[in-house]
Amino acid sequence: MPQCRPTFLWRSALAGSALLLAACAAPMTRMGSVSREEIRMEQLRQQQLVIRSGIADEQRVATVALPLLRAAVPLCGPSATGVQRGVQYANIYSFDKEYRDAARVMGFTDTLTIVGVVPGSAAARSGVQVGDRITQLGDDPVPTGRTAMRKFGQRLGKLNRGHDVVALTLRHGPLALASTPGDVSPGEVPLAGDSSARTPDGAAAVALGDTDTTAQAHAGATSETVRIPADTVCNYTVVAITSSDLNAFSDGHNVYVTSAMLRFAANDDELRVVLSHEIAHNAMRHIDAKKKNSLLGGLLGAVIDVAAASQGVNTGGEFTRDFADAGAMVFSQDFEREADYVGLYILARSNAPFANAPDFWRRMAQATPGSIKFASSHPTTAERFLRLEKTVQEIRDKQAAGAELLPEMKHQDEAHH
């Protein structure tokens, strides 16, 4: 029986495809054409919006978090106390490669540039401004290029540990962080491999290179040295992350809030409720407690696994894993209740509005209606609302009595029962 040749099969498939395409229905209107260059320019504008949105989220989170981190210092304790300057910075290599052309149009180069200054922070009081380029840290030049963020962060971290005043030499420069992207023309954007491309101010640029072209174009820009003191805070980094999950969480050292939660939190008062809750988790060392409980559960499970093995049964460590998971869940709801309770005190200590904080959980009930009656690791939204209402009254009573705003702690003998 003769076999079909592959070339014959491919030709048959192509012919069939051509016949199918010819027979398919096509659009009936006469649409205008869009050039590849126009599409590329619009892509750059949209990428600029993504960059601006990310920076704006980080700025919002940092602005809301700073007073809370200050207020929580008596609760997080000396071991978790650190300093914060209130400034965010980036360079072109802070962005994924596909976004660097858009970042360059906005004014980013290989030099570290201030992208955010928290109102009321040490940096704001010292006169640091968005768009300033960092050229020196003390007497030392600031690194540039791909490793600048890491190296500068390491140097700054050493000064932060000593609570030292930081001297930054800044060169004022343009940075387009407005909400509406500016016009982009083909000649303004460095295309890949095009060393003759121009930046918005007319300076020659090598695409994605290591040259601070904007600084060259503004060689006459003024420079000044500012001295930024150290603000004492709970030493937790608060980070905005891109995610569609309506969530915020902490890991003992950091607090994370998703872009979905940032959109859900209708105003900064609601965002304060979220962040104070997560800061309370860290301050009360809930992550460490969960790890300890998980370890104890795992040890108990390991005993059962060993006993089973002595009887010739290979459990594959199943009891160790299951008991570790169960241990991590012990007191999980109580830890959440405590974070609600302590978080409301942090909110009140920061002089932020706190009386309407319970209403946030009524709004959460609309987004997650299943949590009204049922929950696993967290209390129900109904219970959270009622508990927080009682805490609001407790704080008001202390304010009326002129008492210090600190949560009521268990006595040592109670804490062990």
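What you see is a predicted model, and the numbers here were worked out from it, not measured in a lab.
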Between the side chains of N160 and R85, does any donor sit under 3.5 Å from an acceptor?
yes
When rounded to the nearest 0.5 Å, the distance separating CD1 of I134 from OG1 of T144 is 12.5 Å
What class does the angle between the rings of H281 and H286 fall in, given that below 30° is parallel, 30 to 60° is tilted and above 60° is perpendicular?
perpendicular
Side chain to side chain contact (heavy atoms under 4.5 Å, CB included) partner of T113, chosen from M106, R133, Q88
R133
Using only heavy-atom distances, determine whether the side chains of Q136 and D140 contain a donor-acceptor pair under 3.5 Å.
no
Which pair of heavy atoms, one from S350 and one from P67, lies closest together, and at what distance?
CB-O, 3.7 Å
Is there a side-chain contact between T135 and V142, using heavy atoms and a 4.5 Å cut-off?
no
One should read off an interatomic distance between F354 CZ and D269 CG, to the nearest 0.5 angstrom, of 12.0 Å
Check for me whether R363 meets the cation-pi criterion with F264, that is, NZ or CZ under 6.0 Å from the six-membered ring centre and within 45 degrees of the ring axis.
yes
Kindly state whether the ring of Y89 and the ring of F152 have centres lying under 6.0 angstrom apart.
yes
Return yes if a side-chain donor-acceptor contact under 3.5 Å exists between T169 and T225, otherwise no.
yes
Just checking, is any N or O donor in the side chain of E278 or Y236 under 3.5 Å from an acceptor N or O on the other one?
no
Pairing donors with acceptors under 3.5 angstrom, does anything connect the side chains of Q47 and Q43?
no
Has R362 got its NZ or CZ under 6.0 Å from the middle of the six-membered ring of F385, at an angle within 45 degrees of the ring axis?
yes
Could you tell me if Y345 and K398 have a donor-acceptor pair between their side chains, going purely by distance under 3.5 Å?
yes
With no hydrogens and no angle check, do the side chains of N282 and H253 hold a donor and an acceptor under 3.5 Å apart?
no
Return yes if some donor-acceptor pair links the side-chain N/O of S121 with the main-chain N/O of V118 below 3.5 Å, else return no.
yes
